[in-house]
Number of protein chains: 2
Amino acid sequence: MPRAATTSDTFNAIAEPQRRGILELLKNGERPVLELAKELGIPQPSASKHLRVLREVQLVQVREVGKQRLYGLDARGLQPIHEWVGGFAEFWNESFDRLNTYVQELKSESQKENPDDN
Amino acid sequence: MPRAATTSDTFNAIAEPQRRGILELLKNGERPVLELAKELGIPQPSASKHLRVLREVQLVQVREVGKQRLYGLDARGLQPIHEWVGGFAEFWNESFDRLNTYVQELKSESQKENPDDN
DNA sequence: CCATCATATTCCCATATGGGAATACGTCAA
DNA sequence: TTGACGTATTCCCATATGGGAATATGATGG
């Protein structure tokens, strides 16, 4: 079995830096493709491709206005991710404490083995 | 310029389903590789590879105990992600309202153009 | 209809990647 | 040291992808 398809998965969509950049720009409101491309310093085709992915996972919404297509943010798809990641919140500090304890243990052992240190 | 390297990026690390599975299993405490592999139903080499990625982005920490290597969760790297995603929280409900409003507008226009509908 | 502007697609290329299989390493017990 | 067990690596393959260039599509103004 080859690589598992990660596209069409929101986690994968936001794994791309440029796409995250697009989402951030859209916080300021709807924007046409060319403007997004310029602000990100990437060619228009690239922007369109990234927008397509974001559209597929429904993180953006399009609206046609004349020859332009205004892309707008639809952040609802980010909530599940926020919740998933938030499920680890209780471990953030704990992780630190645990590592800290571990370091202390190492120091103690080090003291026993090399009383001269420090 | 070819594909941009997304590895060694936490966002990319958690974009892989199996890796997310590993992180969840580790919530219950340290686990040796083989056990993680079995619980996920994947071969040991696969588990080792995913663990390597998680190690590179420092989402897990290893501890050698005999011939085993106990992997433990180090969730600190998830906090930045939680914050980034959380930066869109104010748009979750707003996105819904905005779309809802948009749908209402469409309905209204539809009414004008096709009074017979409905 | 024609020219132009704004976008989306398609082709091609180089590379990152996940999975499978085989194998190399490291550690421990006998 | 040898054998067994637990892990990590390496090789190979098929595919997903991002970027660049060129081109197709769509809509608008003459």
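A, B, ... follow the sequence lines: proteins, then strands. Residue 1 opens every chain.
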May I ask you to decide if A:Ala13's main-chain N or O and A:Arg19's side chain share a donor-acceptor pair within less than 3.5 Å?
yes

Please state whether the phosphate of C:dA6, meaning OP1 or OP2, lies under 4.0 angstrom from any side-chain nitrogen or oxygen of A:Tyr71.
no

Can you name the residues that form a side chain to side chain donor-acceptor pair (under 3.5 Å) with A:Arg55, not counting sequence neighbours?
A:Tyr71

B:Leu51 has an atom CG; how far is it from atom P of D:dG6, in whole Å?
16 Å

Out of D:dG18, C:dA8, C:dG20, minimum distance to the side chain of A:Val33 belongs to C:dA8

Length of the CD1-P vector between A:Ile42 and C:dA6, whole Å
17 Å

Ring pair (Phe, Tyr, Trp, His ring centres under 6.0 Å) filter on B:Phe88, not counting sequence neighbours, yields B:Trp84

Interatomic distance where CG belongs to A:Asp9 and P belongs to D:dA16 [whole Å]
14 Å

Check every atom of C:dG19, C:dT7, D:dA8 against the side chain of B:Ser46 and return the nucleotide holding the closest atom.
C:dG19

With sequence neighbours left out, write down each residue that passes salt bridge (Lys or Arg N to Asp or Glu O under 4.0 Å) with B:Glu35, or none if nothing qualifies.
B:Arg31

For the side chain of B:Pro45, starting at C-beta, report the closest nucleotide among C:dG18, D:dC11, D:dA8.
D:dA8

In whole angstroms, how far is the P atom of C:dG18 from the CG atom of B:Leu40?
14 Å

Taken in chain and number order and not counting sequence neighbours, the residues that satisfy side chain to side chain donor-acceptor pair (under 3.5 Å) with A:Gln68 are none

Give a yes or no on whether a donor-acceptor pair under 3.5 Å exists between the nucleobase atoms of D:dA8, that is its base, and the side chain of B:Gln44.
yes

Whole angstrom value for the distance that separates P of C:dG18 from CZ of A:Phe11:
15 Å

Calculate the interatomic distance between B:Glu56 atom CD and C:dA16 atom C1'; express it in whole Å.
13 Å

CG/A:Leu34 to CD/A:Glu39 distance, rounded to the nearest 0.5 angstrom?
11.0 Å

Contact nearer the 5' end of DNA chain C, comparing B:Lys49 with A:Leu70:
A:Leu70

How long is the line joining CG of B:Leu54 and C1' of C:dG18, in whole Å?
14 Å

When you measure from the side chain of A:Arg69, which nucleotide among C:dT7, C:dG18, D:dA8 comes out closest?
C:dT7

Considering only heavy side-chain atoms of B:His50, the closest of C:dA8, D:dG19, C:dG18 is C:dG18

Name the residue closer to the 5' end of DNA chain C, choosing between B:Gln18 and A:Leu34 according to the nucleotide with the nearest heavy atom.
A:Leu34

Measuring from A:Arg76:CZ to A:Gln61:CD, what's the distance to the nearest 0.5 Å?
9.0 Å

Which residues, ordered by chain and number, are linked to A:Leu70 in its hydrophobic cluster, where ILVMFWY side chains connect at heavy-atom gaps below 4.5 Å, directly or through other members?
A:Val65

Figure out the CG/P separation between A:Leu36 and C:dA6, and round it to whole Å.
14 Å

Between B:Arg52 and D:dA8, is there a contact of a side-chain N or O with OP1 or OP2 at under 4.0 Å?
no

Considering only nitrogen or oxygen atoms on both sides, find all protein atoms under 3.5 Å from nucleotides 1-5 of chain D and state each distance.
residue, atom, partner, partner atom, Å
D:dC5, O4', B:Lys67, NZ, 3.4

Between the side-chain atoms of A:Glu64 and the base atoms of D:dA27, is any donor-acceptor pair under 3.5 Å?
no

Is A:Gln68 touching bases, backbone alone, or none of the nucleic acid, heavy atoms closer than 4.0 Å?
sugar-phosphate

